[in-house]
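The structure under discussion appears below in the form of structure tokens.
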Protein chains: 2
Amino acid sequence: MTGVRGYHHGDLRRVLLAAAAVAIEESGPAALSLRDLARRAGVSHAAPAHHFGDKPGLLTALAVEGFDLLAAALQTGDSLLEMGVAYVDFAVRRRAHFEVMYRPDLYRVDAPEVVAARGRSRAVLRSAVADLPPGPGAAGGAAGDALAAWSIVHGFATLWNAGALPDEAGDDPREAARAVIRRLFGSRVSDGDVRGRAAPPARSPRTPA
Amino acid sequence: MTGVRGYHHGDLRRVLLAAAAVAIEESGPAALSLRDLARRAGVSHAAPAHHFGDKPGLLTALAVEGFDLLAAALQTGDSLLEMGVAYVDFAVRRRAHFEVMYRPDLYRVDAPEVVAARGRSRAVLRSAVADLPPGPGAAGGAAGDALAAWSIVHGFATLWNAGALPDEAGDDPREAARAVIRRLFGSRVSDGDVRGRAAPPARSPRTPA
DNA sequence: AAGCATATCTTGCCGTTGACAAGATGTGCC
DNA sequence: GGCACATCTTGTCAACGGCAAGATATGCTT
């Protein structure tokens, strides 16, 4: 880590994490192979073990990176509506990170770095919910609002990534997510800007093995 | 299949599927091993291959079983609220099936039996949404209602199973799900009966390897 | 009742993988 | 110049998925 080519290979850790994200996006986390990552990075089959220990170790690092990226992505949205859209956008764009983050059987969820990073992203969500005006007929208050908001965006993102949604859902996950979130909070959520920021990413085309 | 002990082992196919559900519930689908299933069933390591071909084949059968069980579970709930609760209850109780069903990288989602079973469970959801009175300020109609409802219960169930929810969510997924669903549909959904049917299942205790 | 076709299961094998141990090589520091 | 250490390589092992070939039990046909 002491420059552009720190050592023999140079930033092998970062290269492996990036390769892992690509591999997972291609074939899912179940098919991930440390030896394949090593081949992609051009190093020996045991090189990854030095940086991550074992496979759960590598996925732990990927999850930490994911929670930090999520926290950063959520902070770009000002309103709760936009934050929900950002959540879905993150899940679709950084699909590999997202898939690992919520799969506790794949990595060490109790590792301190994970707990810290997860807490960071959760704090961002909570802060936005606190700004929401209290709604009618919704017992449970802010905690209930947060749980409902989190559930609906997480469910939509998961179903989108799984390819489970019918074609009527459209091609743009951001737009579709906006409609779904509006249905939850109705007029309590500011309309904000409806313009899309970038071209919609492609629909999940992963085929089972 | 011609009686209580059809062949050498007797209903090995069913036994393997049940063992797979148990194993997945214990350690997640990533750690599933056909050889381990064979050991649990007391047969040789190649016996599962005859019934399912390969690992995706076995998980395909498990997914089909899951979609049929889901369709049956959804039909027990009369109102949309109760159907949402039944969805969450299914995800928690038949966790192994649920986890596989929405993981297209693990099995053959395009297999005809899968398409048929998935369509069956989807039809049940749609029929309940059709009974819902049209709501205020919700453009998109029934399709939007279905997407929002599906998203919120799917997200809640996924987060619950992942152990991602904070402790304030409580111990009873049915009760917590009811509150979340009410927040989406408000007064449009009938209150129905609020009594729980059975003791709440235990919280997801799966520890990463 | 005998035999044949077939479904079911076993044994043996191969390539791949994750994990570990031991050694080689490059880097920073004194 | 040499020592301590981080980084990476080579070699090895058990376990796994998948395949091929063979064994065994069942049902059907004659």
Side-chain angles (χ1 to χ4, degrees), chain A residues 1-20 22-24 26-63 100 103 105-108 111 208-209, chain B residues 1-20 22-24 26-62 100 103 105-108 111 207-209:
Chain A
M1 220 145 355
T2 63
V4 53
R5 269 187 94 80
Y7 232 129
H8 301 171
H9 176 276
D11 249 349
L12 177 60
R13 192 189 138 95
R14 197 188 319 268
V15 170
L16 287 173
L17 279 180
V22 171
I24 291 174
E26 286 172 4
S27 325
L32 184 68
S33 150
L34 290 182
R35 291 171 112 103
D36 177 56
L37 296 185
R39 277 190 293 268
R40 296 189 193 215
V43 293
S44 80
H45 68 265
H50 175 71
H51 291 277
F52 303 104
D54 50 9
K55 188 142 92 165
L58 183 140
L59 294 177
T60 300
L62 201 70
V100 171
R103 210 148 300 176
D105 55 313
L106 291 182
Y107 68 102
R108 287 180 253 274
Chain B
M1 231 166 318
T2 64
V4 53
R5 268 188 94 78
Y7 232 130
H8 300 169
H9 175 277
D11 249 349
L12 178 60
R13 193 189 138 97
R14 197 190 318 269
V15 170
L16 286 174
L17 279 179
V22 171
I24 291 174
E26 285 173 4
S27 326
L32 184 68
S33 151
L34 290 182
R35 289 170 113 101
D36 177 55
L37 296 186
R39 278 190 294 268
R40 296 190 194 215
V43 293
S44 80
H45 68 266
H50 174 71
H51 291 276
F52 303 103
D54 50 9
K55 190 142 91 165
L58 183 140
L59 293 177
T60 300
L62 202 69
V100 171
R103 209 147 303 173
D105 55 312
L106 292 183
Y107 69 103
R108 288 181 253 273
T207 313

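Below, chain A is the first sequence line, B the second, and so on; all start at residue 1. As the structure is a prediction and not an experimental result, all values here were calculated from the model.
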*Rounded to whole angstroms, how far apart are CZ on A:F52 and P on D:dT7?*
11 Å
*Nearest-neighbour nucleotide for the A:A46 side chain, D:dA20, C:dA19, D:dT10 considered*: D:dT10
*Do any side-chain nitrogens or oxygens of A:S33 fall under 4.0 Å of OP1 or OP2 in C:dG18?*
yes
_Between C:dT8 (C1') and B:L16 (CG): distance, integer Å_ = 12 Å
*asked:* It should be established whether A:R39 places a side-chain nitrogen or oxygen under 4.0 Å from OP1 or OP2 of nucleotide C:dT17.
replied: yes
*Given atom CG of A:D54 and atom P of D:dA15, what is their separation to the nearest angstrom?*
18 Å
*Report yes if a side-chain nitrogen or oxygen of B:H50 is closer than 4.0 Å to either non-bridging phosphate oxygen (OP1 or OP2) of C:dT8; otherwise report no.*
yes
*Atom CG of A:L12 to atom C1' of D:dC8: distance rounded to whole Å?*
9 Å
*What nucleotide, of C:dG18, D:dC19, D:dT7, holds the atom closest to the side chain of A:L34?*
C:dG18
_Applying a 4.0 Å non-hydrogen cut-off, can you work out what A:H51 is touching in the nucleic acid: base, sugar-phosphate, or nothing?_
sugar-phosphate
*Across the strands shown, which category fits A:A47 at heavy-atom distances under 4.0 angstrom: base, sugar-phosphate, nothing?*
base
*Between D:dC16, C:dT17, D:dC8, spot the one nearest the side chain of A:R35, thanks.*
C:dT17
*From D:dT9, D:dT7, C:dT10, pick the nucleotide closest to the side chain of B:V43?*
C:dT10
*Over how many whole Å does the gap from A:L37 atom CG to C:dT17 atom P extend?*
10 Å
*Given D:dG18, D:dC8, D:dT9, which nucleotide is nearest the side-chain atoms of B:K55?*
D:dG18
*What pair of heavy atoms forms the shortest contact from A:P29 to A:L106, and how long is it?*
CB-CD1, 3.8 Å
*What nucleic acid atoms does B:L32 come within less than 4.0 Å of, heavy atoms only: base, sugar-phosphate, or nothing?*
sugar-phosphate
*Side chains of B:V22 and B:R40 in contact at under 4.5 Å (non-hydrogen atoms)*: yes
*If each of A:D36 and A:A49 is mapped to the nucleotide of DNA chain C with the nearest heavy atom, which maps nearer the 5' terminus, i.e. the 5' end?*
A:D36
*Side-chain contact, heavy-atom cut-off 4.5 Å: B:L58 with B:V100?*
no
*Where the side chain of B:H45 is concerned, which of C:dG12, C:dA21, C:dC9 is the nearest nucleotide?*
C:dG12
*Rounded interatomic separation in angstrom, taking CZ from B:R13 and P from C:dT8*: 10 Å
*Below 4.5 Å, heavy atoms only, C-beta onward: do B:L16 and B:F52 meet side chain to side chain?*
yes
*Taking it one step at a time, do A:L34 and A:D54 satisfy side-chain contact (heavy atoms from CB on, under 4.5 Å)?*
CA-CA 9 Å; A:L34 290 182; A:D54 50 9; 5.6 Å; no
